[in-house]
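Quick notes on the structure that follows.
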Amino acid sequence: MEETPPADPLKERLLPRFQGIVHERILQLRAVRAMRRRSVTSLMSKEGERPTFELQEELFHADEFVEVSDEDARRLTWFRRLVHKIRLRAPYYMPVLRWLPQYNLEKLRSDFVAAITVATMIIPQGLSYATMANLPSKYGLYTAFVPVLVYVFMGTSRQLSVGPEAVVALLVGSVVTTDLDLETRVTYATVMALLLGILTLFLGILRLGFFDNIFSRALMEGFVLASAFLIMTEQLRPLLGISGSLEGNPSTLKRLQSVLSHLDEVDGLTCAFGLPSLAVLILLDLLRKRFPASSFLRFFPGILFVVVTATIVSYMTKADVAILGASAGGFYTPSAPPIASTPAQSLLSSGAVIFVVGFVEASATAKRYSSKHNYAVSANRELVALGLANIIGSFFGSYPVFASLPRTNIADAAGARTQMVGLFVFGFVLVAIAALVPYFHYLPRAVTAAIVFKAGLALAHFDQVKFIIRVRAWKDGGLLLITFILTLAVGVATGVFAGLAISVGMIIKESTLPHLTILGDRGGETEYDDEFEATPTKRGGAIIIRFDGPLNFANTGQLRDLLRRVEMLGNLNIHPSLAPDLPPPIQAVVFDLTGTYYVDPSAGQILTEIAQDYKSRGVRFCVVGLIDKVRSLLTRCGLFEQVAASNVFETMDAANHSLDIPPDDDHPTSPPPASPLSFTSPPTHRLYQSQSPNAAQSPNAQSPQQMQSPPFMQSPQYQYRPGPRPGPALSPPSIQEE
């Protein structure tokens with residue numbers, strides 16, 4: 001009896017790998033080249049069955065065949081597909097994997113120069129903005145430290161400068177008030193950053209990056225203008241040397257009133273530091289606008305120059321002015337923010353306001369520069385990046401952080417090419433935290449107030465206001481004014497949420513109105529155009545309404561009421577008080593649905609009811625331009641049980657030739673039968689006028705034949721000629737599966 005050869009360990013170890021390779025047909029050639037002395041064959045076990053793959057192992061026994069396990073092959077194939085999918089998707093979820101492999105020396109030089117320019121701004125701004133947030137100055141550097149590094153790996157914008165921001169610091173300071181002790185203020189700030197980061201990350205995971213689209217420019221402009229005045233008003237006291245502070249969180253008007261009532265307390269020595277610093281920053285900004293091509297002015301570190309100069313002068317003169325004072329350097333000991341010991345719900349609501357302001361500004365800035373440099377940014381990935389920056393930064397002493405538009409402008413002008421700029425800025429801030437913090441001991445607070453005041457002044461631009469006035473967008477102007485007034489008079493949170501509520505209300509109102517156009521005939525033209533005359537007119541017996549866009553339950557709820565208004569007035573711009581006691585008679589209503597690509601069941605039911613009502617009144621109801629999907633749904637809704645086959649048309653030309661409405665003089669003057677339904681529809685334009693009594697004496701008097709044609713066919717291009725009608729009427733469609 002022939003003995004069975006013993007199992008070979010090497011063969012058992014290599015066999016699963018061979019099985020997977022053979023099972024994937026697309027890799028057969030690669031497998032043959034790799035195995036060399038092995039050959040792959042495919043054998044049919046039985047006719048009509050799935051082929052099985054077998055492997056001939058010349059390495060062991062030339063005549064031995066081993067059958068491949070389909071289950072093992074599927075398992076290996078699934079793993080390879082998973083690895084391939086991870087490699088494919090990883091650059092999307094971690095953008096650094098996309099731009100870092102393409103990094104080169106040329107980009108390195110540009111990014112390093114831009115990083116130096118940004119660092120000369122972000123370090124003194126961090127020191128200044130921290131005082132506005134009622135925190136020690138070094139916490140401004142902590143905010144410019146770890147969050148910047150996180151955005152380098154997770155952010156999609158190449159120019160966006162993440163770090164301390166004036167409006168965000170202002171909002172943090174409105175919560176972290178001076179009434180609290182220092183340890184509590186730091187705790188509240190870090191907890192707020194953590195909660196804000198969790199909220200932002202959660203919205204990013206849910207792919208709600210479109211959230212910024214519901215905030216109109218008018219709303220944001222009103223808030224930004226109010227914030228600019230708030231920032232400047234808050235810095236007047238330290239800038240002028242007025243001692244004391246207001247209790248609680250007063251409004252901007254109360255702050256301004258308090259400053260004006262204490263002008264007799266202005267300190268001249270403090271003004272000698274603050275006002276010249278502010279003048280230098282404003283003058284430098286004006287010179288940059290006057291000479292935009294000057295590289296020296298563009299890259300001159302004005303803020304750093306003011307800080308260093310003022311610190312040296314203050315140290316040498318030992319001037320009796322308020323200074324930053326002793327602040328121990330070193331890094332923040334990483335620790336989890338103690339959420340349990342804080343009013344988390346209140347901090348989260350405040351963080352929501354910061355999120356609204358910060359993310360909208362960051363998203364708009366990122367989109368602006370991505371469009372300028374022709375690359376794509378993802379709002380969802382930006383949410384994730386900013387969320388992680390706040391979460392991780394809160395463990396290292398950071399208060400809430402978003403992007404800064406002025407620094408982003410400077411970074412772009414300095415030649416920022418990639419997110420590597422943030423990595424270099426991280427290194428400069430690291431050096432500042434480790435070694436430079438003690439040297440800012442003699443920095444006058446009036447200088448930091450001047451820096452913050454200049455940041456607020458940069459926000460006070462009126463471009464959007466000018467645009468609103470030029471285009472007469474009075475609704476947007478009202479929204480801007482309401483947001484501005486409420487933010488100044490009541491508070492930041494009230495202004496933001498009130499403006500948001502009004503903005504969302506306007507969106508809802510517009511979305512509930514169907515997009516309609518009342519089509520009219522302009523003499524001598526071959527097309528039906530929109531009529532915009534705001535005067536009541538007499539129709540020639542036909543109403544033609546074009547629907548643009550989808551019809552759904554939201555925008556068709558008012559359709560019947562609007563149709564009734566069109567019948568009575570012919571124009572939605574006319575005030576309802578001008579409506580006649582009895583509506584003029586109509587002979588036909590035509591719905592042009594050529595531009596309607598979707599109708600939901602509720603809208604289909606409403607259209608069916610409208611058709612039924614017109615049928616009961618003896619009014620011809622026609623439908624034009626149905627696509628298959630809409631036709632199928634309207635059939636199931638029962639519309640074609642109310643609309644005859646001869647009233648369904650492919651094009652408006654076919655409907656025009658089919659309608660044969662006599663002039664209004666031939667119509668009975670008695671009112672139509674009362675409708676059991678109230679009708680409405682949203683058009684805003686004039687319909688067809690009947691021929692006036694004096695038209696026969698005019699040079700352009702129409703012939704009797706023309707008078708017998710429908711009003712929209714009375715121009716020469718539409719003169720009626722006997723003969724077969726072009727465009728035969730369509731028969732109602734049968735019910736089909738969509």
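These numbers were taken from a predicted model, which means no experiment stands behind them.
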Determine the sole option in Glu382, Gln419, Arg381, Arg98 for which the side chain to side chain donor-acceptor pair (under 3.5 Å) test with Thr156 is passed.
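In the set Glu382, Gln419, Arg381, Arg98, the residue that makes a side chain to side chain donor-acceptor pair (under 3.5 Å) with Thr156 is Glu382.
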Testing Lys372, Arg368, Arg158 for side chain to side chain donor-acceptor pair (under 3.5 Å) with Asp412, which one passes?
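Among Lys372, Arg368, Arg158, the one that satisfies the side chain to side chain donor-acceptor pair (under 3.5 Å) with Asp412 is Lys372.
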Would you call the rings of [X] and [Y] parallel, tilted or perpendicular, taking 30° and 60° as the class edges?
| X | Y | result |
| --- | --- | --- |
| Phe211 | Phe355 | tilted |
| Tyr315 | Tyr442 | perpendicular |
| Phe426 | Phe145 | parallel |

[atom2] on [Y] to [atom1] on [X], rounded to 0.5 Å:
| X | Y | atom1 | atom2 | value |
| --- | --- | --- | --- | --- |
| Thr418 | Tyr103 | OG1 | OH | 4.0 Å |
| Leu230 | Leu170 | CG | CG | 5.0 Å |
| Leu100 | Leu423 | CG | CG | 9.5 Å |
| Leu219 | Thr483 | CG | OG1 | 4.5 Å |
| Leu481 | Asp476 | CG | CG | 12.5 Å |
| Leu135 | Arg185 | CG | CZ | 7.0 Å |

Sequence-distant partners of Ile205, side chain to side chain contact (heavy atoms under 4.5 Å, CB included), two or more places apart
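With neighbours one apart ignored, the set is Leu201.
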So, Phe305 versus Phe300, ring centres under 6.0 angstrom or not?
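Yes: the rings meet the under 6.0 Å criterion.
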Could you report the tightest heavy-atom contact between [X] and [Y], atom names first, then the distance?
| X | Y | answer |
| --- | --- | --- |
| Val306 | Val280 | CG2-CG1, 4.0 Å |
| Asp267 | Gly241 | CB-O, 3.9 Å |
| Leu479 | Ser216 | CD2-OG, 3.2 Å |
| Leu284 | Gly302 | CD2-CA, 3.5 Å |
| Tyr188 | Pro343 | OH-CD, 3.2 Å |
| Ser314 | Pro444 | CB-CG, 3.9 Å |

[X] side chain to [Y] main-chain N or O, any donor-acceptor pair under 3.5 Å?
| X | Y | result |
| --- | --- | --- |
| Ser227 | Phe223 | yes |
| Asn390 | Ile198 | no |
| Tyr151 | Ala403 | no |
| Thr131 | Ser128 | yes |
| Thr190 | Ser394 | no |
| Ser503 | Gly499 | no |
| Thr120 | Thr117 | yes |
| Glu265 | Ile242 | no |
| Arg255 | Arg237 | no |

Do other residues, nucleotides or ligands put more than 12 heavy atoms under 6.0 Å from the [atom1] atom of [X]?
| X | atom1 | result |
| --- | --- | --- |
| Asp320 | CG | no |
| Arg217 | CZ | no |
| Tyr439 | OH | no |
| Phe202 | CZ | no |

Any chance you could lay out the side chain to side chain contact (heavy atoms under 4.5 Å, CB included) test for Lys138 and Phe440, step after step, and finish with the verdict?
CA-CA 10 Å; Lys138 63 181 180 181; Phe440 294 109; over 6 Å; no
List the residues meeting salt bridge (Lys or Arg N to Asp or Glu O under 4.0 Å) with Lys85, not counting sequence neighbours, and say none if there are none.
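Result, salt bridge (Lys or Arg N to Asp or Glu O under 4.0 Å) vs Lys85: none returned.
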Over-ring placement of Lys367 relative to Tyr369, 6.0 Å and 45° cut-offs
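Output no; distance or angle outside limits.
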Using the side chain to side chain contact (heavy atoms under 4.5 Å, CB included) rule, take Ser398 and Tyr332 through it: C-alpha gap first, then chi angles, then the decisive distance, then the call.
CA-CA 9 Å; Ser398 169; Tyr332 184 89; over 6 Å; no
